[in-house]
There are 2 protein chains.
Amino acid sequence: MDPNVIPHVSVDCVVLGYNLENLAVLLIERRMIYQGQEYLDLKLPGDLVRWDEDIDAAAHRILQDLTGLRNVYLKQMQAFGEVNRLKREPRDLEWLRSIDHPEERVITIAYFALVNLDQIESPNYIPTTNARWVPVKDIPTLAFDHNRIIDKAMEMLRNEVKRNPLAFELLPKKFTLTQLQKLYEIILGTLFDKRNFRKKIAQISCVVPINEKQINVPHKPARYYMFSQDVYEVTRKDSFDFTV
Amino acid sequence: MDPNVIPHVSVDCVVLGYNLENLAVLLIERRMIYQGQEYLDLKLPGDLVRWDEDIDAAAHRILQDLTGLRNVYLKQMQAFGEVNRLKREPRDLEWLRSIDHPEERVITIAYFALVNLDQIESPNYIPTTNARWVPVKDIPTLAFDHNRIIDKAMEMLRNEVKRNPLAFELLPKKFTLTQLQKLYEIILGTLFDKRNFRKKIAQISCVVPINEKQINVPHKPARYYMFSQDVYEVTRKDSFDFTV
DNA sequence: TCAAAAGTGTTGGTATTACACCCATGT
DNA sequence: ACATGGGTGTAATACCAACACTTTTGA
């Protein structure tokens, strides 16, 4: 057991990525043999917190090790601290032993990160870390209590996206209004009227049209927009309002 | 050091009480002598988590030990895990030593509880636990990082009260509309128009008028209302809407 | 010329704001 | 009788929901 870590406190990250098509979560493959059978489970990326490291720093470290990204949107979600949270399946315990982890109690602090998959040239599967992007629609039963953590992350995303400019973290710097609308539709699970959506966006001053259009599209090219952090910071009264 | 606790994980509770006049926080007096001088600091109620106890259970235990109350509204807020969060003042460290606490790192999970002070016959100062109710307007500089935790709790209260029926946790079972309005005004720091406020409440079906009036008041007696959890559960679409 | 998505306005209904007076009670 | 807070309606405005056609491009 690594002496540099607090043995009972970990950080797990729900990293949500978007590629203009689907929302996906970054998961780690856990391969093991248990009672003669081979298992391939998926789990959230996470690690124990080091003694000399703030918990936020631990989350950033995990994220950077996995994706190579700094300056990602990252926010603490909440702690999960049930006594038996690591003991969903017998092989969960076996796995903890196999990585020289004390078969003990670990309280985890869940974080939630947003990345735009088109920005990073990340393959679907990253062999060095056994990490893969799994569409949120297709998430299977995961190790430990990690499904619950992801459910919580999705709930948080749905709530926060209505009051904070989170969506832009998932989009390229330049995006079209149709792309923005589709993202909101995917996150919130509702469809919006195109005209009303655009009216709504038009009154959000931090979403600014730029003088650039799509090229090489087989239809009328759409105008690109950007999110302006500067404008956002000076114009927000109390919060973003995106209760479409 | 108690062997029954996880030495690096604690729970701290921000217990907010309301007595139809003021919001107050329950704080614990910490008396100590440091470098020949006597200090009386205040801190949040909290304790280390036991090995065999869920973190939510730890929060309930702390709350019950302090107030004798079960079934209080209690919700996890977030974890505070900076390396030096317990070392605001030199005497903070000294105090940790004095209670046989390893001078080490403790990650705390903050909870937030709401109680109605008229329901519990709680005196302002509870000698057995050194606990006292301090109006939120008068909170001094506290031990450790506890001011930050309270600030976060107040922010959470302001956000949540707009979308969830939290206010009723702070009021007696039967309350008048003026009492409800005053509470919202205190929490949100704004004033509302009486007629518009009542129109808004009238369309929230889970706030129901009952056939009972104030007695012994030197003015027209006000009608009492109740919050109906049943009605709330079946009628809420997605969330309470209290964006007055 | 066709397919595909971009872009754009109007209307009816609903919700929000602002505002002032009479009522029921205890003293 | 008076002081105190309770209780009520309306009109002007802003916001929201529903709805269909023209435009620009590449193939």
Side-chain angles (χ1 to χ4, degrees), chain A residues 19-21 118 161-163 171-172 174-186 188-205 207-226 235 237-244, chain B residues 19-22 118 162-163 171-172 174-186 188-226 235-244:
Chain A
N19 59 6
L20 300 181
E21 286 293 322
D118 293 327
V161 83
K162 289 183 207 153
R163 337 183 194 300
L171 290 170
K174 302 169 189 174
F175 51 84
T176 69
L177 293 182
T178 303
Q179 289 168 348
L180 183 63
Q181 180 177 347
K182 185 175 176 196
L183 176 54
Y184 271 99
E185 288 175 342
I186 288 176
L188 298 174
T190 50
L191 296 176
F192 298 117
D193 175 87
K194 187 165 42 154
R195 280 178 283 195
N196 294 338
F197 184 88
R198 282 161 189 247
K199 245 176 286 174
K200 183 91 189 180
I201 298 298
Q203 59 200 41
I204 298 177
S205 56
V207 180
V208 302
I210 59 176
N211 278 326
E212 205 170 327
K213 292 184 171 186
Q214 288 180 317
I215 47 172
N216 272 321
V217 285
H219 53 75
K220 179 169 172 179
R223 187 161 191 185
Y224 282 117
Y225 286 71
M226 290 181 50
T235 61
K237 311 176 183 31
D238 193 32
S239 69
F240 199 71
D241 176 25
F242 202 88
T243 355
V244 181
Chain B
N19 59 8
L20 301 180
E21 286 292 322
N22 280 299
D118 293 326
K162 290 183 207 154
R163 340 186 193 297
L171 290 170
K174 302 169 189 174
F175 52 84
T176 68
L177 293 182
T178 303
Q179 289 167 347
L180 183 62
Q181 179 176 345
K182 185 175 177 196
L183 176 54
Y184 271 99
E185 289 176 341
I186 288 176
L188 298 174
T190 50
L191 296 176
F192 299 117
D193 175 86
K194 186 166 42 155
R195 280 178 283 192
N196 295 338
F197 183 89
R198 282 160 189 249
K199 242 177 289 173
K200 184 90 191 184
I201 298 299
Q203 58 201 41
I204 299 177
S205 55
C206 57
V207 180
V208 302
I210 60 176
N211 279 326
E212 206 170 324
K213 293 184 171 185
Q214 289 179 316
I215 48 172
N216 272 321
V217 284
H219 54 74
K220 179 171 173 179
R223 187 158 192 188
Y224 282 118
Y225 286 71
M226 290 183 48
T235 62
R236 68 163 151 186
K237 311 178 183 29
D238 193 32
S239 70
F240 198 72
D241 175 26
F242 202 89
T243 356
V244 180

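Convention: sequence-line order gives letters A, B, ...; per-chain numbering from 1. Since the structure is predicted, the reported quantities are computational estimates derived from the model, not experimental observations.
- Across all strands shown, B/Thr178 has heavy atoms under 4.0 Å from sugar-phosphate atoms exclusively, and none from any base.
- Protein atom CG of B/Asn196 is 16 Å distant from nucleotide atom P of D/dG7, rounded to whole Å.
- Atom pair A/Leu20:CG and C/dA5:C1' shows a separation of 15 Å (rounding to whole Å applied).
- One atom, CD1 of B/Ile201, and another, C1' of D/dG7, lie 15 Å apart when rounded to the nearest Å.
- The closest side-chain heavy-atom distance from A/Tyr225 to A/Ile210 is not below 4.5 Å.
- Atom C1' of nucleotide D/dA17 and atom NZ of A/Lys194 are separated by 17 Å, given to the nearest angstrom.
- Looking at which nucleotide of DNA chain C each of A/Lys199 and A/Lys213 is closest to, the 5′-most match is held by A/Lys213.
- The backbone N or O of A/Phe192 lies less than 3.5 Å from a partner atom in the side chain of A/Gln181, making a donor-acceptor pair.
- Rounding to whole angstrom units, CZ of residue A/Phe192 and C1' of D/dA17 are separated by 13 Å.
- Regarding B/Leu191, its CG atom lies at a distance of 14 Å from the P atom of C/dC19, rounded to whole Å.
- B/Leu180 is listed as a side-chain neighbour of B/Phe197, based on a closest heavy-atom distance under 4.5 Å.
- In this structure, B/Asp118 and B/Leu171 have side chains that are not in contact, with every pair of non-hydrogen atoms separated by 4.5 Å or more.
- The side chain of A/Arg198 contributes an N or O atom lying less than 4.0 Å from OP1 or OP2 of C/dG7.
- A distance of 10.5 Å separates CG in B/Leu177 from NZ in B/Lys194, rounded to the nearest 0.5 Å.
- Taking the screw axis at each terminus of the helix from C/dT1-D/dA27 to C/dT27-D/dA1 from five consecutive base pairs, the angle between the two is 0° to within rounding of 10 degrees.
- Closest of all the heavy-atom pairs between B/Lys174 and B/Gln179 is O-OE1, 4.4 Å.
- If you take CZ of B/Phe197 and P of C/dA15, they are 18 Å apart, rounded to a whole angstrom.
- Applying a 4.0 Å cut-off to non-hydrogen atoms, the residues of residues 214-223 of chain B that approach DNA chain D are B/Pro218, B/His219, B/Lys220, B/Pro221, B/Ala222, B/Arg223, listed by residue number.
- The NZ atom of A/Lys162 lies 9.0 Å from the CZ atom of B/Arg163; values are rounded to the nearest 0.5 Å.
- Nearest-nucleotide mapping onto DNA chain C: of B/Asp193 and A/Gln179, the residue sitting toward the 5' end is A/Gln179.
- To the nearest angstrom, P of D/dG5 lies 15 Å from OH of B/Tyr224.
- Here B/Lys220 contributes atom NZ and B/Lys213 contributes atom NZ; the two are 7.0 Å apart, rounded to the nearest 0.5 Å.
- Applying the 3.5 Å distance criterion, the base of D/dA20 shares a donor-acceptor pair with the side chain of A/Arg195.
- Side-chain N or O atoms of A/Asn196 include none that pairs as donor or acceptor with a backbone N or O of A/Lys199 at under 3.5 Å.
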